[in-house]
Protein chains: 4
Amino acid sequence: MAPSLTEKCRELAVSAMKDGISQAALEVLKQYGYEGLTMDRVAEVAGIAKGSLYHYFRNKQELVTYLFEQTIEPAIQAGEEIFQRVVPAVEKLEAMVRMWFDYFSQHRALFDFLFRDPAVRELCLTSRRSKNGLAIDRFSAILRQGISEGVFRPLDVTYAAEMIIGSLQFVIERQLETGEAHPIEVSVRRLMDIVLHGIGASSASAESPSAIGQRCEAPQVEGKTGESSEPSQVAAE
Amino acid sequence: MAPSLTEKCRELAVSAMKDGISQAALEVLKQYGYEGLTMDRVAEVAGIAKGSLYHYFRNKQELVTYLFEQTIEPAIQAGEEIFQRVVPAVEKLEAMVRMWFDYFSQHRALFDFLFRDPAVRELCLTSRRSKNGLAIDRFSAILRQGISEGVFRPLDVTYAAEMIIGSLQFVIERQLETGEAHPIEVSVRRLMDIVLHGIGASSASAESPSAIGQRCEAPQVEGKTGESSEPSQVAAE
Amino acid sequence: MAPSLTEKCRELAVSAMKDGISQAALEVLKQYGYEGLTMDRVAEVAGIAKGSLYHYFRNKQELVTYLFEQTIEPAIQAGEEIFQRVVPAVEKLEAMVRMWFDYFSQHRALFDFLFRDPAVRELCLTSRRSKNGLAIDRFSAILRQGISEGVFRPLDVTYAAEMIIGSLQFVIERQLETGEAHPIEVSVRRLMDIVLHGIGASSASAESPSAIGQRCEAPQVEGKTGESSEPSQVAAE
Amino acid sequence: MAPSLTEKCRELAVSAMKDGISQAALEVLKQYGYEGLTMDRVAEVAGIAKGSLYHYFRNKQELVTYLFEQTIEPAIQAGEEIFQRVVPAVEKLEAMVRMWFDYFSQHRALFDFLFRDPAVRELCLTSRRSKNGLAIDRFSAILRQGISEGVFRPLDVTYAAEMIIGSLQFVIERQLETGEAHPIEVSVRRLMDIVLHGIGASSASAESPSAIGQRCEAPQVEGKTGESSEPSQVAAE
DNA sequence: CATGAATGAGTGTTCATTCAT
DNA sequence: CATGAATGAACACTCATTCAT
């Protein structure tokens, strides 16, 4: 017999509760950080009794895992969608980068710990690793496509994928940390520029002839305490 | 009155104790992970009474912060030393990258949590931020130097620095995670290659023959001809 | 009005449910032990909702009590049947012993906690006491019969009954504990032998004259740690 | 170096605390039963913080085990002492029975659960089994001695020992349950009488010839002649 | 009646921190 | 100063019981 109406209804309700609880957990996470993510608080924020949490999640780990899966899923899907497009590799890469910029920016508090916290890492190991691996896979595949298209140099695609993802994450992290939020488009363009052409002046030699002649200058320590980050944009685009 | 001899002695003793304790903490950290870093264990490993810890550190946070400072200091110093060298930017950059590769590889267990754990992050926020900032500052300065030398394109040095550091961290993290450890030299070369020339095929061979003869280039670590010749594995695994 | 047919039907249904539930409880008990006897599990095994349990039993205690009554009832009945027989006391006694041996052996998991667990004891106090008392009563009566028959010595029948029951229980318990299961007939015969004739050599003096003369030997501690129980059967059958 | 004075003092203090706590646990046990034996209550009764319990016992199990060992130890010792005496087996047996009567009577609340509770049984399994086994061993040895002395019939000493212990325990239990406390001496004498001579009238046949004619006796397990001469106290009230 | 989600007091256990010695 | 016993607020998790549907 097919699942009765009642059953379907219940299933829906359960799903809704799980989502509600995981949202509450996310809330707690944002507010108190991982160490402050206690079942009590989750229950309180969710507006239910502590014991009720255990109707929906066998234990804390399951809740955290669920939250993780839930949150990362849309990005995974979006990534897949981009990956499936029939467009040049560069375009795909840029779309991917943009998507992750978007996504990371919006879910910072979450990724901040979901991607980084070793404790959670332990918890979600399988899941996380596969997801992280998936991202690398997708980027790798795009790079491979680009290589066959002749627009990317032949190189170790996995390594390059890792570098791109690392750049992406760190840049976003920094932006969120320092609070200065450039428009995403600017960030995407900058990143793509460097990823594609590197920082070397090889092709740009014509662009900055003025620099010629400067040899091996001594470092100019600007008495910075290390915190503040002066404007420092030399040129950008 | 100037600090008496006794005072100086005491100060020294205190410093020694703090170091000993933080080393004990590091030991515990390596063995039990962050969640297992309890004051009891630290005291035990340090061979002193638990209460005594609180003579040297007001609380756990302070101890962790101190440990962080202590551990990252050598890298900071090494970075400073590299930074101060009077050598071309590319060489500096490569030295810096190599140093961090080394350092990260060796202190994985530590950084795994010192750099990543949001809990610790919370604790060491100020410190960490400044250190992270310092790293970015140094990389930025090197990039700036390279730009004036004409070997780097003019670009947002902070942004580029962040990308490089992000790449660095993520690549190392992945290597540690997957267990496959390429020789550091290989990693360094690969990273430098992509950082310098990007992944695009455009600037690679045909487009920038003009780049030949580039001044102040990074010391070609190995038999690399100016011709961007990296064997560079395609397809990876 | 006399109890309507509907009422009777309902009563029957209720009774059936109670039995089903108590059987489920017994199942849980066997599988998980007393500490694992939760209402959830009972409901699950019984195939009904947890809430429904409370329609048939006011609380857990009532359920356990019911289970106790239910389980011991057959033994009680069997005991009554034996008691009613018109046969010599010795035969009755032996039948009784055999019945309890059988019963205990089969319901070990149950009695293990029904008879022994003080928690349950608390719960079933009245019931248990009466049942225990009933057993004692029956044994006592048999003893009394035996005394008038002249086959038993005149003695405090209650006291003797208690001793017999105690022996019975402990012997069975030990067998179940150590795992070695003698055939019930052997156990019954041995027990009856000692119960009837005691351990004294009074009548056996003629049988082991060789032993005479040995007086007050020093104890022979065989360096046993106390766990292992060597065969040690001196004679038995 | 020998343990310093400080160390010895500390050790003593720790021991005292452990005893105090286990006494508190015993108190709780008596008052609330095993299910009510919570660490909170123990702490409260002991007049210390709950956390402090864990300085002295790693967990609840360890506390319960300690309590068990502590409580049973004196009886074990007393049993050993009796066992070592150089006296006839019957005397030993009686002393043993008396000792256990005494001991059980005094520590009823404890044994009630230490010996019987399956939950605790699980906990103290090794310990308990060995202790129980020890008791059986000692009784067995005494019986064996008696057999060589010629005062006991040759029989399975383990089995007989179990029966005696079972009788002992049950009789005491009943007394404590019903509240009627006969003087211990009476109990001891009665038990010894039945243990030694059994309940059968075999030896008393001469004394109560009127009983002759009623046969249908149980099958005489061994080749005992109807004769047999035991005086066999009638007693009973 | 049957249901099962909701409850919340309670369980054993941990650990940063304090303080009398 | 050094000590380590004492603390008590947390923690994750359980489960008998209730009650709206």
Side-chain angles (χ1 to χ4, degrees), chain A residues 6-7 9-10 13-14 16-17 35-44 46-64, chain B residues 10 13-14 17 35-44 46-64, chain C residues 10 13-14 17 35-44 46-64, chain D residues 6-7 9-10 13-14 16-17 35-44 46-64:
Chain A
T6 330
E7 196 139 336
C9 186
R10 165 142 50 257
V14 164
M17 279 301 290
E35 302 264 280
L37 179 62
T38 70
M39 296 302 262
D40 285 78
R41 272 202 261 260
V42 172
E44 193 188 21
I48 62 175
K50 182 165 47 163
S52 301
L53 295 181
Y54 291 84
H55 279 303
Y56 300 98
F57 301 99
R58 242 198 306 278
N59 49 38
K60 192 181 177 182
Q61 168 175 343
E62 209 169 280
L63 166 55
V64 171
Chain B
R10 166 143 46 250
V14 164
M17 281 301 291
E35 304 264 281
L37 178 62
T38 69
M39 296 300 263
D40 284 76
R41 273 202 260 257
V42 172
E44 192 189 21
I48 63 173
K50 185 163 44 162
S52 301
L53 295 180
Y54 290 84
H55 279 298
Y56 300 100
F57 301 99
R58 230 195 319 269
N59 49 35
K60 193 180 178 183
Q61 167 175 344
E62 211 170 279
L63 165 57
V64 171
Chain C
R10 166 144 45 252
V14 164
M17 281 301 292
E35 305 262 281
L37 178 62
T38 69
M39 296 302 263
D40 284 76
R41 273 202 261 258
V42 172
E44 192 190 20
I48 63 174
K50 185 164 45 162
S52 302
L53 296 180
Y54 289 84
H55 279 299
Y56 300 99
F57 302 99
R58 232 197 315 272
N59 50 34
K60 194 180 177 183
Q61 166 174 344
E62 212 169 278
L63 165 56
V64 171
Chain D
T6 330
E7 197 138 337
C9 185
R10 165 141 51 255
V14 165
M17 280 300 292
E35 302 263 280
L37 178 60
T38 70
M39 296 302 262
D40 285 76
R41 273 202 260 258
V42 172
E44 193 188 21
I48 63 174
K50 183 164 48 159
S52 301
L53 295 180
Y54 290 84
H55 279 304
Y56 301 98
F57 301 99
R58 244 198 306 278
N59 48 39
K60 192 181 178 182
Q61 168 175 345
E62 210 170 279
L63 165 55
V64 170

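Every value quoted in this text rests on a predicted model; they were computed, and no experiment measured them. Here is how names work: the chains are called A, B, and so on, in the same order as the sequence lines, proteins then strands, and each is numbered from 1.
Residue Met17(B) is the one, among Val14(D) and Met17(B), whose nearest nucleotide of DNA chain F lies closer to the 5' end (criterion: closest heavy atom).
Separation of atoms OH (Tyr54(D)) and CD (Glu62(D)) is listed at 11.0 Å; rounding is to 0.5 Å. Atoms NZ and OG1, on Lys50(C) and Thr38(C) in that order, are 8.0 Å from each other to the nearest 0.5 Å.
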Protein within reach of the bases, or only the backbone? For nucleotides 14-21 of chain E, mark each nucleotide 5' to 3' as B, S or -, using heavy atoms under 4.0 Å. BSBBB---
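What separates CD of Glu44(D) from C1' of dG12(E) is a distance of 16 Å, to the nearest Å. Atom CD1 in Ile48(D) sits roughly 7 Å away from atom P in dT7(F) (whole-Å rounding).
Here Leu53(D) lies out of heavy-atom contact (under 4.0 Å) with every strand. Using a 4.0 Å heavy-atom criterion, one finds that Phe57(C) contacts no nucleic acid atom at all.
Between Met39(A) and Asn59(A), the closest heavy-atom pair is CE-C, 4.3 Å. For the pair Ala49(B) and Ala43(B), the tightest heavy-atom approach, listed with the atom from each and the gap, is C-CB, 4.0 Å. Across all non-hydrogen atoms, the minimal contact from Lys60(D) to Leu37(D) is NZ-O, 2.8 Å.
The side chain of Tyr56(C) places an N or O atom within less than 4.0 Å of a non-bridging phosphate oxygen (OP1 or OP2) of dA2(E).
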So what's the dot-bracket for DNA chain F: Watson-Crick or G-U pairs under 3.5 Å, [ ] if a pair crosses, | if it pairs off-strand? .||||||||||||||||||||
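With contacts defined as side-chain heavy-atom distances shorter than 4.5 Å, the pair Val64(A)/Gln61(A) does not qualify.
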